[in-house]
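So that the names make sense, note that chain A is the first sequence line, chain B the second, and so on, each numbered from 1.
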Amino acid sequence: MKTDLAALLNPEQFEAATAPDGPLLVLAAAGTGKTRTLVYRVVHLLERGVPAGRILLLTFTNRAAREMLERAQSATLGLAGGLWGGTFHSVANRMLRLHARALGFPPDFAILDADDQRSLMGRVIKDLGYKPKEFPKREVVLSLLSGAVNRNVPVADWLERRAATLDETPEKLLEAMDRYQAAKRDMHAMDFDDLLVNGLRLLRENDEARERFQERFLHVLVDEYQDTNALQSEFVDVLGARHGNVSVVGDDFQCIYSWRGSEYRNIMDFPERHPGTRIVKLERNYRSKKPILDLANASIAHNPEQFPKTLRPTREEKGALPRLVEVSDGRAQAARVVELVRENLAAGYRPDQIAVLYRAHYNAVDAQLALARAGVKYAITSGTGFYEMAHVKDVVSLLRVAEGTGDGLSLARVLRLLPAVGEATADKIVRKVDGLPDPESETSREALAEALPPRARVPWSKLGEELGRYGHKAFPERVGDLVDVFLDAFYRERLRKDYENPDERENDIRELLADIAGHESAKAFLSDVALLTNLDREAAAKAAAGDAGGTVLLSTVHQAKGLEWPVVILIWLCEGVFPSARALEDRGGDDEERRLFYVAATRAKDRLYLLHPTLRTMPDGGCFRAETSRFLKEIPTTLYERESVGLDSADDWWSGGFGARGGRKAPVSRLGPAGEPSWRPGGIRVGGVRLNLPF
DNA sequence: GTTGGGAGAATTTTT
DNA sequence: TTCTCCCAAC
């Protein structure tokens with residue numbers, strides 16, 4: 001029985017979902033059922049008889065891919081099995097694993113995450129003989145390189161364009177970048193950008209691979225197309241060239257990734273690059289009440305150069321005006337957030353119907369603290385993901401060594417965990433064993449042990465013996481055994497010495513083991529561990545928690561994209577924070593920040609709160625006046641109501657009554673709390689998301 | 001070469 | 001507050 005799409009979709013959505021073969025561009029404003037339409041297009045294709053294996057669905061987050069696949073799967077009673085869906089990075093990864101040799105890589109090439117990239121670049125710069133202060137920071141060099149790569153521009157040209165911002169000659173920068181690229185190649189490793197670059201190169205240069213995938217994918221569908229960069233749009237074009245069935249969905253208003261090379265012009269140029277494109281516009285908003293849309297529309301109207309588009313509300317019930325809340329400073333803001341959360345809970349909303357959104361992770365600190373103290377359950381999407389945490393990466397490196405897929409980096413990482421072994425010793429050994437010891441060979445292990453300082457030999461031999469047995473045990477037990485020995489031999493002690501929360505970290509490792517056991521094999525886990533993000537673990541953790549009402553979510557606006565909540569509390573609407581001062585330095589930065597504000601506002605269904613502190617405190621304890629965000633000032637005052645919470649409501653912290661902190665009548669120059677963390681946070685961790693309490 | 005203490009800086013967004 | 005870097009002592 002076929003799904004009755006006409007009954008489920010409005011006429012425009014229906015047109016998009018059931019459009020005949022050929023290129024299709026769906027311009028979908030926020031909350032107009034974009035994802036729904038794309039899901040039902042997949043459903044339509046499947047029910048029309050297109051085999052799932054011949055459909056490719058590209059998204060920007062794994063979460064989006066998973067959600068869409070699940071929905072398609074249930075709508076078609078399982079027809080969607082075998083459909084390829086995922087981020088550009090993960091799909092490229094999948095293709096590269098199948099054809100790695102064609103590009104001179106082994107199929108089990110490693111993927112460097114941001115942290116690996118940093119250390120590799122740091123090493124390159126050091127090897128070139130620069131002292132840390134003589135050369136731009138490794139992050140700067142990496143981001144320049146990435147900027148060029150993602151725009152598909154020669155690095156030299158890109159450096160020339162950025163000449164004004166450079167502290168070093170292009171020649172020296174290029175030298176460091178070349179060395180970095182060569183080092184990756186020597187290690188048979190790719191970084192995130194390489195997945196895109198090499199994925200595209202594979203399709204362009206390797207006839208077999210190109211034929212295979214072009215033929216295979218009868219339909220290519222792309223979500224959030226406005227966020228594609230030069231590499232990604234070409235990737236789509238090449239894949240779709242054979243059958244010409246490329247369906248893309250996007251909203252130029254919501255392009256918020258141009259800092260990493262996204263080109264919203266891709267979406268405007270799509271019809272030119274794909275002659276015969278059918279264009280469908282979705283403008284009926286099903287999400288937000290009218291006052292929220294009015295505010296969002298008024299804000300985005302300040303941006304030049306967009307496809308003209310107006311969100312039309314379908315929810316005609318009279319909603320409350322968005323409320324602008326002025327507070328004295330970050331702590332008062334946090335207190336107000338708690339009150340607003342409580343008010344809305346009292347009004348009948350569940351915790352998971354409320355979100356607190358902000359520009360940057362660190363903006364969440366105050367609110368987090370206040371919610372924790374108030375006993376409100378919340379979850380937070382933090383900056384460092386589970387798989388990026390040092391102790392998790394230590395274990396992953398160990399696994400790489402055991403599986404024999406390790407490179408010098410992972411061996412060095414494991415060795416450095418031994419007592420009395422530092423960078424130099426580890427490097428010496430890695431060079432000696434040429435990056436890859438044979439864990440099964442006793443002589444190889446002994447040779448390695450000889451190079452170790454005496455203190456490290458006993459712990460190493462314990463681990464070495466287990467490594468020797470590793471290959472003879474079954475998965476996943478062998479992983480558990482290995483990690484147990486690793487912990488007992490020396491790692492537990494290391495955790496105790498280096499960190500304040502060794503037990504929590506050991507728990508993370510147990511969690512990691514459970515995760516690994518959920519995979520088909522250790523190798524399968526290793527091949528995509530770098531691509532797993534904290535968002536992926538979110539749903540799993542939520543399901544595991546099994547909370548009926550869920551939790552209030554704290555999130556950056558970027559990570560909130562594509563999601564919606566009845567109640568949205570947007571904080572830190574100050575000049576320099578939102579819009580971010582750094583972002584404003586870039587060309588078009590103002591526009592992009594405004595799009596980000598638009599995304600934030602359109603997450604709200606019923607109620608939108610816009611908070612802005614009038615004071616900002618600095619890390620050193622000083623403070624200064626914070627200008628109201630331009631995004632608030634440029635909106636007609638009739639579009640929101642104003643509530644002022646002056647210093648009086650912040651009096652409690654002033655007099656020390658703020659929670660159990662034990663107040664101090666602090667002068668303005670020292671607002672930082674001075675108490676010790678004697679309480680436990682009331683929040684939960686979501687997936688890899690850790691509560692990093694600042695004190 | 002390693003380790004630990006102390007000084008100084010610091011906060012954009014993500015695959 | 002934490003992170004990073006630098007320097008002196010083992």
Indicate for each nucleotide in nucleotides 3-10 of chain C, in 5' to 3' sequence, whether protein heavy atoms under 4.0 Å reach the base (B), only the sugar-phosphate (S), or nothing (-).
-> -SSS----
In chain order, what residues pass the salt bridge (charged side-chain N to carboxylate O under 4.0 Å, His left out) check against [X], with sequence neighbours excluded?
| X | answer |
| --- | --- |
| A:Arg457 | none |
| A:Lys428 | none |
| A:Glu139 | A:Arg118 |
| A:Arg123 | A:Asp427 |

Over how many whole Å does the gap from [X] atom [atom1] to [N] atom [atom2] extend?
| X | N | atom1 | atom2 | answer |
| --- | --- | --- | --- | --- |
| A:Glu224 | B:dT13 | CD | P | 19 Å |
| A:Phe60 | B:dT13 | CZ | C1' | 14 Å |
| A:Leu142 | B:dT15 | CG | C1' | 15 Å |
| A:Arg595 | B:dT13 | CZ | C1' | 13 Å |
| A:Leu58 | B:dT15 | CG | C1' | 13 Å |
| A:Asp191 | B:dT15 | CG | P | 15 Å |
| A:Ile571 | B:dT13 | CD1 | P | 13 Å |
| A:Ile429 | B:dG1 | CD1 | P | 12 Å |

Phosphate OP1/OP2 of B:dT13: any A:Gln559 side-chain N/O under 4.0 Å |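 The answer is no; no side-chain N or O of A:Gln559 sits under 4.0 Å from OP1 or OP2.
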So, is A:Thr556 close to the B:dT14 phosphate, meaning a side-chain N or O under 4.0 Å from OP1 or OP2?
->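 A:Thr556 to B:dT14 OP1/OP2: side-chain N or O found under 4.0 Å.
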Distances under 3.5 Å only, N/O to N/O: pair up the protein atoms with those of nucleotides 2-4 of chain B.
from	atom 1	to	atom 2	distance (Å)
B:dT2	OP1	A:Gly422	N	2.9
B:dT2	OP1	A:Gly422	O	3.3
B:dT2	OP1	A:Thr425	N	2.8
B:dT2	OP1	A:Thr425	OG1	2.1
B:dT2	OP2	A:Ala424	N	3.4
B:dT3	OP1	A:Ala420	N	2.7

Can you sort out the partners of A:Tyr362 under side chain to side chain contact (heavy atoms under 4.5 Å, CB included), two or more places apart, ordered by chain and number?
->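 Testing A:Tyr362 for side chain to side chain contact (heavy atoms under 4.5 Å, CB included), a comparison that skips the adjacent residues, returns A:Ala360.
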List in chain and number order the residues that pass side-chain hydrogen bond (donor to acceptor under 3.5 Å, both in side chains) with [X], two or more places apart in sequence or in another chain; answer none if no residue qualifies.
| X | result |
| --- | --- |
| A:Glu593 | A:Arg359 |
| A:Ser119 | none |
| A:Asn150 | A:Ser146, A:Asp193, A:Asn229 |
| A:Asp115 | none |

Rounded distance in Å between the P positions of B:dT13 and C:dT4 |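 Pairwise P distance, B:dT13 against C:dT4, rounds to 15 Å.
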Among residues 86-100 of chain A, which contact DNA chain B at a heavy-atom distance under 4.0 Å?
->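 The answer is A:Thr87, A:His89.
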Test: A:Arg260 cationic atom under 6.0 Å from A:Tyr257 six-membered ring centre, within 45° of axis |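 Yes.
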Answer yes or no for A:Arg603 and A:Trp565: cation-pi contact, defined as NZ/CZ to six-membered ring centre under 6.0 Å and angle to ring axis within 45°.
->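 No; the conditions do not both hold, so A:Arg603 does not lie above the ring face of A:Trp565.
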Roughly how far, to the nearest 0.5 Å, is CZ of A:Phe213 from CZ of A:Arg94?
->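 That separation rounds to 9.0 Å.
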Consider the side chain of A:His361, meaning its heavy atoms from C-beta on, and name the nucleotide among B:dT15, B:dT11, B:dT14 that approaches it most closely.
->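 Minimum distance to the A:His361 side chain belongs to B:dT14.
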